[in-house]
S.K.: 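Below you will find the structure I want to go over with you.
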Amino acid sequence: MSYAKLIGSGGYLPPRVVSNDELAAELAQQGIETSDAWIRERTGIQQRHLVEPGVKTSELATKAAQAALADAGITADQLDLIILATATPDFVFPSTACIVQAALGASNAAAFDVQAVCSGFVYALTTADAYIQAGRAKTVLVIGAEVFSRILDWRDRGTCVLFGDGAGAVIMQASDKPGVIGAKLHADGNYANILCTAGNVDQGQVTGDPFLRMDGQAVFKFAVTALADSAQQVCDDAGIRLQDIDWLVPHQANVRILNFLSRKLGVDNDKVIVTVAEHANTSAASVPLALDVARRDGRIKSGDLVLLQGVGGGFTWGSVLLRI
Ligand code: UT7
């Protein structure tokens, strides 16, 4: 039996940090009223990293991937697959994964994108695990990367204060030691309209609505239930008790969702990795960024049992249980 084992991780955040106060002051100039107090109280967010105009998802992804390669101590030519999760690709095509493949010089790697919005990284990691278990790949780079600021409507205070830009990456390699020990993905397209960016290009014109739209309360309720049920299911399937998990790394959308989740699961709050205060919601990048932060600061260690969880547009959700 071959497991997919994590051998390295990396993250990259654009250098421009925008505090709630700075954002509120910028929005006030457009006549949009918000405040640091509202954002902190309702979401736990204190700041976000935003790209300079023109910076693309592939640039953030490449930097996160280089950090993960360095951490793993391998070179790009050792990769045989790159899976990149994003809802904000550089182009309609080529895939952002192919752009990263060229930038890294990963000449032996196939490359494709996965689109599952905020669950994208968990979807991509599960796919990497399947490739490795099937013997079709040995060393896989999995990236979550977003320039979400591109699709925000800065006149909509209900959404524009919630998101940030960034990228996180992991290297997974075939091993006889665990590894990913459980994974389960879900989708329900009937909930597409509570969180979507329902626009595209057609005949050279933007069609539909190119901005992110969200029914915040509906998403909040869906997220808590989906994450709790998914955690329980993946643990049951793997024969693991929730109390035996060392670290929970859920999608970072709102600290209130994370508090509800830990309460519902009976998992101590201090076992939950929380980066939403500093990063805001970076969609597909949020889980690998949080994982990388906690590995680098020494909280997540070799041998720990970690539950990674995504939930987002589609609707999509899922969990990956991973022995580090
Ligand atoms: O990654 C995908 C997953 N996304 C999520 O998980 C997001 C889930 N949803 C949420 O996190 C929360 O629903 C929000 C943070 C989006 C909103 O929090 P809420 O407690 O559900 O607030 P609300 O939408 O019920 O709005 C409460 C009030 C409203 O005013 P009225 O109608 O009570 O007068 C809003 O207009 O807060 C107002 N409001 C704001 N006020 C100041 C909404 N946005 C803002 C804002 N600043 N930025």
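A quick note: this is a predicted structure, and the numbers were derived from the prediction, not measured. One-based numbering, in listed order, for ligands and for the atoms of each.
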S.K.: Please could you name the atoms of ligand 1 that Cys118 approaches to less than 4.0 Å, counting only its heavy atoms?
M.R.: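 Near Cys118, meaning under 4.0 Å from one of its heavy atoms, ligand 1 has 1 (O), 2 (C).
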S.K.: Go through Leu162 and Ile39 one step at a time and tell me if the side-chain contact (heavy atoms from CB on, under 4.5 Å) criterion holds.
M.R.: CA-CA 8 Å; Leu162 305 176; Ile39 301 169; 5.8 Å; no
S.K.: Please indicate, with yes or no, if any protein heavy atom is found under 4.0 Å from atom 34 (O) of ligand 1?
M.R.: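 Within 4.0 Å: no protein heavy atom nearby.
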S.K.: For ligand 1 and Ser35, I'd like to know whether there is a polar contact (N/O to N/O, distance under 3.5 Å).
M.R.: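 No, there is no polar N/O contact under 3.5 Å.
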S.K.: Give a yes or no on whether atom 14 (C) of ligand 1 lies under 4.0 Å from any heavy atom of the protein.
M.R.: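 Given the 4.0 Å cut-off, atom 14 (C) of ligand 1 does not count as touching protein heavy atoms.
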S.K.: Going by distance alone, is a donor N or O of one side chain under 3.5 Å from an acceptor N or O of the other, for Ser19 and Asp21?
M.R.: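 No pair is found: no donor N or O on one side chain lies under 3.5 Å from an acceptor on the other.
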S.K.: For atom 4 (N) of ligand 1, which candidate among Asp215, Leu27, Val219 holds the nearest heavy atom?
M.R.: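 It is Val219 that holds the nearest heavy atom.
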S.K.: Whether the side chain of Glu146 engages the backbone of Thr88 through a donor-acceptor N/O pair (distance < 3.5 Å, no angle test) should be reported.
M.R.: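 Side chain of Glu146 to backbone of Thr88: a pair is present.
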S.K.: Hydrogens and angles aside, do Asn254 and Thr43 bring a side-chain donor and acceptor to less than 3.5 Å of each other?
M.R.: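 Result is no, nothing qualifies.
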S.K.: Only heavy atoms count here, so choose which of Phe315, Phe222, Phe163, Trp38 is nearest to atom 37 (O) of ligand 1.
M.R.: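 Considering heavy atoms of Phe315, Phe222, Phe163, Trp38, the nearest to atom 37 (O) of ligand 1 sits in Trp38.
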S.K.: For ligand 1, which part of Asn281 has a heavy atom less than 4.0 Å away: the side chain, the backbone, both, or neither?
M.R.: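 The answer is the side chain.
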S.K.: Would you verify that at least one protein heavy atom lies under 4.0 Å from atom 29 (C) of ligand 1, or report that none does?
M.R.: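 So atom 29 (C) of ligand 1 lacks protein heavy-atom neighbours under 4.0 Å.
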S.K.: Looking at Met214, which atoms of ligand 1 are within less than 4.0 Å of one of its heavy atoms?
M.R.: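 Taking each heavy atom of Met214 in turn, ligand 1 has 4 (N), 7 (C), 16 (C) under 4.0 Å.
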S.K.: Closer than 4.0 Å to some heavy atom of Thr43 - which atoms of ligand 1 meet that?
M.R.: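 Reading through ligand 1 atom by atom, the close ones are 15 (C).
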S.K.: Side chains of Asp229 and Gln233: donor-acceptor distance under 3.5 Å anywhere?
M.R.: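 Result is no, nothing qualifies.
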S.K.: Below 4.0 angstrom from a heavy atom of Leu195, which ligand 1 atoms are there? Numbered from 1 as shown, please.
M.R.: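 What qualifies from ligand 1 is 2 (C).
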S.K.: Between Ile257 and ligand 1, which part of the residue brings a heavy atom under 4.0 Å of the ligand: side chain, backbone, both or neither?
M.R.: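 Only the side chain of Ile257 comes within reach of ligand 1.
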S.K.: Using a heavy-atom cut-off of under 4.0 Å, does the side chain or the backbone of Phe220 touch ligand 1, or both, or neither?
M.R.: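 Contact part for Phe220 vs ligand 1: both backbone and side chain.
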S.K.: Pull out every atom of ligand 1 sitting under 4.0 Å from any heavy atom of Ala253, numbered as shown with elements.
M.R.: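 Near Ala253, the atoms of ligand 1 are 3 (C), 4 (N), 5 (C), 6 (O).
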S.K.: Answer yes or no for Thr159: is there a heavy-atom contact with ligand 1 below 4.0 Å?
M.R.: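 Contact absent.
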S.K.: Looking at Ser58 and Thr96, would you say the former's side chain and the latter's main chain have a donor-acceptor pair under 3.5 Å?
M.R.: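 No, Ser58 side chain to Thr96 backbone: no donor-acceptor pair under 3.5 Å.
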S.K.: What atoms of ligand 1 come closer than 4.0 angstrom to any heavy atom of Arg42?
M.R.: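 This gives 19 (P), 20 (O), 22 (O), 27 (C) as the contact atoms.
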S.K.: Could you check whether any side-chain N or O of Arg157 sits under 3.5 Å from a backbone N or O of Glu33, counting only pairs where one atom can act as donor and the other as acceptor?
M.R.: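 Yes, Arg157 side chain to Glu33 backbone: donor-acceptor pair under 3.5 Å.
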S.K.: Carefully, step by step, assess Phe315 and Val219 under the rule side-chain contact (heavy atoms from CB on, under 4.5 Å).
M.R.: CA-CA 9 Å; Phe315 243 69; Val219 170; 3.9 Å; yes
S.K.: Which of the numbered atoms in ligand 1 are below 4.0 angstrom from a heavy atom of Val161?
M.R.: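 So the answer, numbered in order with elements, is 48 (N).
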S.K.: Fit a plane to each ring of Tyr191 and Phe222, take the angle between them on a 0 to 90° scale, and name the class: parallel (under 30°), tilted (30 to 60°) or perpendicular (over 60°).
M.R.: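 Ring orientation of Tyr191 relative to Phe222: perpendicular.
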S.K.: Judged by non-hydrogen atoms, does Ile39 sit under 4.0 Å from ligand 1?
M.R.: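 Flag not set, Ile39 not near ligand 1.
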S.K.: Side chain to side chain contact (heavy atoms under 4.5 Å, CB included) with Gln309: which of Leu321, Val249, Leu261, Val234?
M.R.: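 Checked Leu321, Val249, Leu261, Val234 against Gln309; only one passes side chain to side chain contact (heavy atoms under 4.5 Å, CB included): Leu261.
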S.K.: Give me the residue, atom name and distance of the protein heavy atom closest to atom 18 (O) of ligand 1.
M.R.: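 Result for atom 18 (O) of ligand 1: Arg256 NH1, 4.0 Å.
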S.K.: Give a yes or no on whether the backbone of Thr57 and the side-chain of Asp90 come within a donor-acceptor separation of less than 3.5 Å.
M.R.: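 Present.
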